[in-house]
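Structure first, commentary second.
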Amino acid sequence: MSDSAIGIFDSGLGGLTAVKELVKVLPNENIVYFGDTARVPYGNRSKKTIIKYAEQDASFLLSKGVKMIIAACGTVSSVATGLRDTLPVPFTGVVDPTADAAVRATRNGKIGVIGTSATVNSQSYKKAILSKNESIKVYQQDCPLFVSLVENGFISEEDQIVQLVVERYLEKLKNQNIDTLILGCTHFPIISRAIQNYLGSSVTLIDSGKETALYAAEILKQKNLLNNDKAPGECIYYVSDTVDDFRRTAQIFLGKNDIEDVYHITL
Ligand code: DGL
């Protein structure tokens, strides 16, 4: 089983933030990625729909024989909280590893959380932070348009549209004097430069994709599931909508121009 792939899914491109980190820490692991680009965004859908989509995404990855599943999606991790118990392989979402990292990072005890509307309404990050340290002040803001920006390739910090949307959503949090901000949706690190430029360098950004990848690597080590093959791992991408748009933005974000293995599937 240890040479099987790690399965990662998200509603779209956001889970690539976990892929990018996983390739850094475990370069010889094979990865199967599923981005549900035909049904993104999940973040403004009902709980019932999000749970149904998450189950279908995980089933698809299981059909590829994966040894672990990472829900690299803040919305799924916040809302489909029972998914873990239905799976025959180790699983992690993004909330706990990310909240842990934020609690370690804050110096003034003021943490901001941004995510989709479903994530913010679920209070998942807030609850996870307070369970670790109840004296921390948590300020939340949903930023649904960030997902559309990323899915449509508006990711440059030089882009005025990106700058305007960032300012509109983050103005209140900036005034709360937070020193740590959880990017609680895996799409958001893709525009982290614009977010950091607006908030200034004194605010530490916590990337949920990155923290989750680090945590998943730990789980694989503990369970003796690391790939012993020393050859570089391969990454195969599946999407439920057109391949070309995904490939274009994935290439920019991952800093590669050779992402060949992108396939369309219908769930
Ligand atoms: N990447 C998803 C998340 O982390 C958000 C995108 C969506 O709304 O589907 O929440």
Side-chain angles (χ1 to χ4, degrees), residues 7-22 33-58 60-61 69-81 83 91-99 101-102 112-128 140-155 165 169 181-192 195 205-213 215-216 237-241 245-246 249-250 253-254 267:
I8 302 183
F9 75 88
D10 178 44
S11 53
L13 282 149
L16 295 177
T17 56
V19 172
K20 191 175 186 179
E21 194 61 28
L22 209 51
Y33 182 87
F34 175 59
D36 196 3
T37 49
R39 302 191 295 195
V40 68
Y42 285 8
N44 50 13
R45 297 187 193 275
S46 69
K47 184 170 177 169
K48 195 169 160 211
T49 301
I50 294 166
I51 291 172
K52 183 176 89 185
Y53 288 178
E55 286 171 353
Q56 291 171 340
D57 301 344
F60 169 71
L61 291 176
I69 291 184
I70 302 173
C73 174
T75 305
V76 166
S77 310
S78 299
V79 175
T81 48
L83 183 63
F91 168 85
T92 182
V94 298
V95 174
D96 278 323
T98 310
V113 177
I114 54 174
T116 63
S117 304
T119 296
V120 166
N121 291 339
S122 78
Q123 312 262 355
S124 57
Y125 284 101
K126 186 171 182 180
K127 287 180 199 155
Q140 303 189 86
Q141 174 66 53
D142 59 342
C143 307
L145 283 180
F146 284 179
V147 177
S148 311
L149 287 176
V150 169
E151 288 293 327
N152 289 290
F154 288 79
I155 63 176
V165 180
Y169 278 138
L181 178 68
I182 289 183
L183 307 180
C185 167
T186 49
H187 278 69
F188 298 177
I190 298 178
I191 52 165
S192 64
I195 294 172
L205 302 187
I206 309 289
D207 172 339
S208 55
K210 175 176 170 182
E211 297 306 328
T212 304
Y215 179 70
Y237 301 89
Y238 294 91
V239 290
S240 52
D241 206 339
D245 289 348
F246 178 89
T249 308
F253 176 65
L254 295 174
L267 281 188

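All ligand and atom numbering here is 1-based and tracks the order in the structure. Hydrogens, waters and symmetry mates play no part in the numbers below; they use all other heavy atoms, side chains included.
- Looking at Lys20 and Asp207, no side-chain N of the basic residue comes within less than 4.0 Å of a carboxylate O on the acidic one, giving no salt bridge.
- Under the 30°/60° scheme for interplanar angles, the aromatic rings of Tyr53 and Tyr42 are found to be tilted.
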Would you mind writing out a table of all protein N or O atoms found under 3.5 Å from any N or O atom of ligand 1, naming both atoms and giving the distance to 0.1 Å?
unit_1, atom_1, unit_2, atom_2, d
ligand 1, 1 (N), Asp10, OD1, 2.9
ligand 1, 1 (N), Asp10, OD2, 3.4
ligand 1, 1 (N), Thr186, OG1, 3.1
ligand 1, 1 (N), His187, ND1, 2.6
ligand 1, 4 (O), Gly74, N, 2.5
ligand 1, 4 (O), Thr186, N, 2.9
ligand 1, 4 (O), Thr186, OG1, 3.2
ligand 1, 8 (O), Tyr42, N, 3.3
ligand 1, 8 (O), Gly43, N, 2.8
ligand 1, 9 (O), Ser11, OG, 2.6
ligand 1, 9 (O), Tyr42, N, 2.6
ligand 1, 10 (O), Gly74, N, 3.3
ligand 1, 10 (O), Thr75, N, 2.9
ligand 1, 10 (O), Thr75, OG1, 2.7

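- Within a 6.0 Å sphere centred on OH of Tyr215, heavy atoms belonging to other residues, nucleotides or ligands number 12 at most.
- Put simply, the side chain of Tyr125 reaches to within 4.5 Å of the side chain of Ser208, judged on heavy atoms.
- Note on ring orientation: taking the six-membered ring where Trp is involved, the planes of Phe146 and Tyr169 are perpendicular (angle over 60°, cut-offs 30° and 60°).
- A 4.5 Å side-chain heavy-atom check between Thr37 and Glu151 finds at least one atom pair inside the cut-off.
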